[in-house]
Amino acid sequence: MLSVHTSPLDQPGTGDAGGMNVYVSELSQALARRGARVEIFTRATSSAQPETAVLEGVDAHGTPLTPEGARAVLLAEGVEPGVVPPVLVHHVPAGPFEGLDKNDLPGQLCAMTAGVLRSEAARRPGWYDVVHSHYWLSGQVGWLAADRWEVPLVHTMHTMARVKNAALAPGDTAEPNGRIVGEEQVVAEADALVASTAEEALDLVELYDADPALVHVVAPGVDLEVFSPGGPQARAEARRALGLPLDRDIVLFAGRVQPLKGPDVLVRALGLLAATGRPVPMLVVLGGPSGRPTAVRELSALAATTGVGDHVLLRPPVPRTELAQWYRAADVVAMPSRSESFGLVAMEAQASGTPVLAAAVGGLRSVVTDGVSGTLVPGHDPAVWADAITDHLADAGLRARLAVGARQVAERFGWDAAAEQVLKVYALADAHRRA
């Protein structure tokens, strides 16, 4: 696995860490449960990071493996029956640890590739069977590694520049042409492309001239144990645990604070509710800045200028177990994104029994079943979102029906099923390379 610009060990919800981090982590662990040996390469961003960390793995006695123990298991070229192989995360030095964001990384791809190839050189010949890259930066590294090792390249885009540029937020910066060219190269070289939805598959074919025979739709999963509705009093219990009021309607936004995700749409919608004398719920924004370090402060200032500063609670991102509590505490999770390849937040919320108000864009149209697990909202007009919020919160019967449907929809998705399909894609990619 290659995840150059962000590590599966990073906390999702701030900087460049988001749904892709969860995707790489959960898919890798599900593949390991099926006996696959998975090693993840990511760029080192701190001198304190170990050269190798363990994402998951236990020894024959069920004791969690140390990095040294994990390497020993791998180097022994065998894993005892019933033991989940360790998933290793390699931190590769490529450029300065700090001061680089995602847009600076194309200049470090040679260094990243060299580090990946050096790691393989220490293995026996034929150690790796497939390279699976995530996001176009990783695809550039994976293209060279797969060619050098004579193994298939499987690529998952996660986001595409042409799709993002077609749905820019006001004032947002378009993705550069260099990224588009890089994506085109990866699409042309990949032996298989994994799309999360049929719509993403169509975008690959129509916008990037991908061979339809090489595009495979594999829906991501959700951890149905961590993200669950809980008991009858789950909402009240979650609110007490989080220090939230029991007598207010709560709308939750969970994700990176950036124009692409649209939290400003929700703040402006609350402003319209206040201006027209309608009930104003509490909006919880659970996330950190992305793109601009001042993004959270700017959102706070917007709330103040629209007269709803007292109704907006800004909190940093939290670990998954606590995130599940926030989902349960909310009356609705809102996703006014301008573009989403899938929308893992929507799936996690639904698994937690919380309906979703989602923009009718991209993968959200596949994740949220309109009228069953949530509501798809057309466009990003704050007035339309204000009406959608009001209609949802005013109808307790609707919320109850959607809560049941939300869990039922989520139960169709699982990481184990996704891993089974991805293993089949690997086999097809290998056959394509050998043809």
Side-chain angles (χ1 to χ4, degrees), residues 1-25 28 38-57 65-71 74 86-123 128 131-145 148 156 158-159 173 175-176 178-179 182 186 255-258 260 287-297 316-320:
M1 292 278 183
L2 291 172
S3 181
V4 170
H5 78 281
T6 182
S7 169
L9 298 173
D10 292 343
Q11 168 66 54
T14 191
D16 292 323
M20 193 183 100
N21 300 68
V22 177
Y23 183 106
V24 172
S25 174
S28 296
V38 183
E39 298 184 39
I40 303 168
F41 290 85
T42 189
R43 194 180 77 87
T45 56
S46 169
S47 59
Q49 289 173 321
E51 179 181 343
T52 299
V54 179
L55 188 62
E56 179 174 295
L65 286 166
T66 64
E68 293 74 18
R71 279 196 292 269
L74 286 175
V87 176
L88 302 183
V89 180
H90 302 297
H91 297 109
V92 180
F97 293 129
E98 299 178 357
L100 296 182
D101 67 22
K102 186 167 57 178
N103 295 325
D104 298 319
L105 294 184
Q108 301 303 321
L109 294 182
C110 284
M112 183 73 196
T113 303
V116 172
L117 294 179
R118 275 196 297 268
S119 178
E120 187 271 344
R123 306 293 202 188
Y128 296 112
V131 173
H132 189 167
S133 54
H134 299 267
Y135 193 68
W136 78 276
L137 294 169
S138 301
Q140 290 283 315
V141 176
W143 171 15
L144 296 176
R148 169 66 179 80
T156 304
H158 293 281
T159 64
T173 303
E175 293 296 311
R179 172 179 171 180
V186 173
R256 289 170 288 170
V257 178
Q258 59 175 196
L260 181 70
S290 178
R292 294 196 303 272
T294 58
V296 174
R297 293 200 299 272
V318 296
R320 292 194 314 157

Exercise for the section: Measure from the side-chain N and O atoms of Gln140 to the backbone N and O of Gly182, and report whether any donor-acceptor pair falls under 3.5 Å. Expected result: yes

Problem - Listed partners of His158 passing ring-ring contact (aromatic ring centres under 6.0 Å, His included), at least two apart - result: Tyr23, His134

Exercise for the section: Check ring-ring contact (aromatic ring centres under 6.0 Å, His included) between Tyr128 and all other residues, then give those that pass, not counting sequence neighbours. Expected result: Trp149

Fill in the blank from the handout: Sorted by chain and residue number, the side-chain contact (heavy atoms from CB on, under 4.5 Å) partners of Val22 (sequence neighbours excluded) come out as Pro12, Glu26, Leu344, Glu348

Completion exercise
Residues passing the side-chain contact (heavy atoms from CB on, under 4.5 Å) test with Pro96, sequence neighbours excluded, are Leu100

Residues that [X] engages under side-chain hydrogen bond (donor to acceptor under 3.5 Å, both in side chains), provided they are two or more places apart:
X: Thr173; answer: none
X: Ser7; answer: none
X: Ser133; answer: His155
X: Thr45; answer: Gln49

Practice task
Begin from the C-alpha positions of Leu88 and Val54 and carry the test side-chain contact (heavy atoms from CB on, under 4.5 Å) through to its verdict.
Solution key: CA-CA 5 Å; Leu88 302 183; Val54 179; 4.1 Å; yes

Practice task
In sequence, state the C-alpha distance, the side-chain angles, and the governing distance for Thr159 and Arg179, and then conclude on side-chain contact (heavy atoms from CB on, under 4.5 Å).
Solution key: CA-CA 11 Å; Thr159 64; Arg179 172 179 171 180; 2.9 Å; yes

Distance check, rounded to the nearest 0.5 Å: [X] atom [atom1] versus [Y] atom [atom2]?
X: His5; Y: Tyr135; atom1: NE2; atom2: OH; value: 5.5 Å
X: Ser28; Y: Ile40; atom1: OG; atom2: CD1; value: 3.5 Å
X: Thr6; Y: Asn21; atom1: OG1; atom2: CG; value: 3.5 Å
X: Phe41; Y: Leu117; atom1: CZ; atom2: CG; value: 9.0 Å
X: Met1; Y: Ser138; atom1: CE; atom2: OG; value: 11.0 Å
X: Glu51; Y: His91; atom1: CD; atom2: NE2; value: 10.5 Å

Might you point out which heavy atoms bring [X] and [Y] nearest each other, and give the distance in Å?
X: Ala53; Y: Leu9; answer: CB-CD1, 3.9 Å
X: Ser25; Y: Pro8; answer: CB-CB, 3.9 Å
X: Met112; Y: Arg43; answer: CE-N, 3.9 Å

For residues 101-110, tabulate all N or O donor-acceptor pairs below 3.5 Å that involve a side-chain atom, not counting sequence neighbours.
unit_1: Asp101; atom_1: OD1; unit_2: Asn103; atom_2: N; d: 2.9
unit_1: Asp101; atom_1: OD1; unit_2: Asp104; atom_2: N; d: 3.3
unit_1: Asp104; atom_1: OD2; unit_2: Asp101; atom_2: N; d: 3.1
unit_1: Gln108; atom_1: OE1; unit_2: Gly95; atom_2: N; d: 3.2

Practice task
Could you check if a side-chain atom of Arg148 sits within less than 4.5 angstrom of a side-chain atom of Val131, using non-hydrogen atoms only?
Solution key: no

Exercise for the section: Can you sort out the partners of Arg297 under salt bridge (charged side-chain N to carboxylate O under 4.0 Å, His left out), two or more places apart, ordered by chain and number? Expected result: none

Completion exercise
Of Val141, Val92, Leu137, Thr42, the one forming a side chain to side chain contact (heavy atoms under 4.5 Å, CB included) with Leu2 is Val141

